[in-house]
Amino acid sequence: MADPVRTAAVRAVIIVAVTLTQAMIAFLGTLAGTWLAFPAVICTVASTVVATWAVLDVWVTRQVWVQRYGVQSQPSSTARQLRRERRAAQEERRAGGAAV
């Protein structure tokens with residue numbers, strides 16, 4: 001994952017975690033009937049909007065990064081295995097050629 005995308009994702013996770021905590025406080029405050037319940041619900045609604053924006057920011061940042069820099073491919077395990085086999089075959093050829 002690219003650095004800007006990772007930064008956006010970390011930010012989104014923190015914001016979503018705070019929003020869920022606020023939602024739990026609002027819910028428990030409502031059940032208890034405290035005066036803090038109404039402001040907590042209002043803050044939770046605002047935080048939900050911000051959390052939605054943060055999650056969309058991750059998606060948009062990822063799309064922009066892919067458009068600018070393209071897909072950065074990394075070798076799969078299959079490619080690594082083929083490379084190991086080629087390297088072993090080369091070493092075997094070198095060892096066989098040196099002995100003759």
Side-chain angles (χ1 to χ4, degrees):
M1 190 180 310
D3 284 341
V5 179
R6 184 179 298 117
T7 304
V10 168
R11 186 182 324 121
V13 166
I14 291 171
I15 291 171
V16 168
V18 169
T19 301
L20 289 174
T21 303
Q22 284 180 341
M24 186 58 68
I25 291 170
F27 176 72
L28 294 175
T30 302
L31 288 180
T34 64
W35 64 270
L36 193 61
F38 182 70
V41 169
I42 299 300
C43 286
T44 302
V45 170
S47 292
T48 302
V49 172
V50 173
T52 304
W53 187 267
V55 171
L56 283 174
D57 181 49
V58 174
W59 182 69
V60 169
T61 303
R62 182 181 174 280
Q63 294 299 321
V64 167
W65 196 88
V66 167
Q67 274 188 346
R68 285 185 185 163
Y69 303 106
V71 176
Q72 302 293 321
S73 64
Q74 297 180 359
S76 66
S77 59
T78 307
R80 285 190 202 108
Q81 182 64 31
L82 289 173
R83 219 177 323 132
R84 281 189 200 116
E85 290 172 4
R86 267 191 250 124
R87 212 176 287 139
Q90 285 176 351
E91 289 175 12
E92 190 177 311
R93 272 188 250 126
R94 285 186 202 138
V100 173

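- Here the closest heavy-atom approach between residue G70 and residue W65 is recorded as O-CZ3, 3.7 Å.
- Scanning for side-chain contact (heavy atoms from CB on, under 4.5 Å) contacts around R68 gives V64, with sequence neighbours left out.
- For the side-chain contact (heavy atoms from CB on, under 4.5 Å) test, no residue two or more places apart in sequence or in another chain qualifies with Q67.
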Would you list the atom pairs, donor with acceptor, under 3.5 Å between side chains in residues 54-61 and any protein atom, with sequence neighbours excluded?
from: D57; atom 1: OD1; to: T61; atom 2: OG1; distance (Å): 3.3
from: D57; atom 1: OD2; to: R11; atom 2: NH1; distance (Å): 2.9
from: T61; atom 1: OG1; to: D57; atom 2: O; distance (Å): 2.6

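- I42 places a side-chain heavy atom less than 4.5 Å from the side chain of F38.
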Going by atom type alone, with no hydrogens or angles, which donor-acceptor pairs under 3.5 Å involve a side-chain atom of residues 16-29 and a protein atom two or more places apart or on another chain?
from: T19; atom 1: OG1; to: I15; atom 2: O; distance (Å): 2.8
from: T19; atom 1: OG1; to: S47; atom 2: O; distance (Å): 3.3
from: T21; atom 1: OG1; to: A17; atom 2: O; distance (Å): 2.9
from: Q22; atom 1: OE1; to: S47; atom 2: OG; distance (Å): 2.4

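- Residue pairs meeting the salt bridge (charged side-chain N to carboxylate O under 4.0 Å, His left out) criterion with at least one partner in residues 33-47, sequence neighbours excluded, are absent.
- Under the side chain to side chain donor-acceptor pair (under 3.5 Å) criterion, T44 pairs with no residue at all, not counting sequence neighbours.
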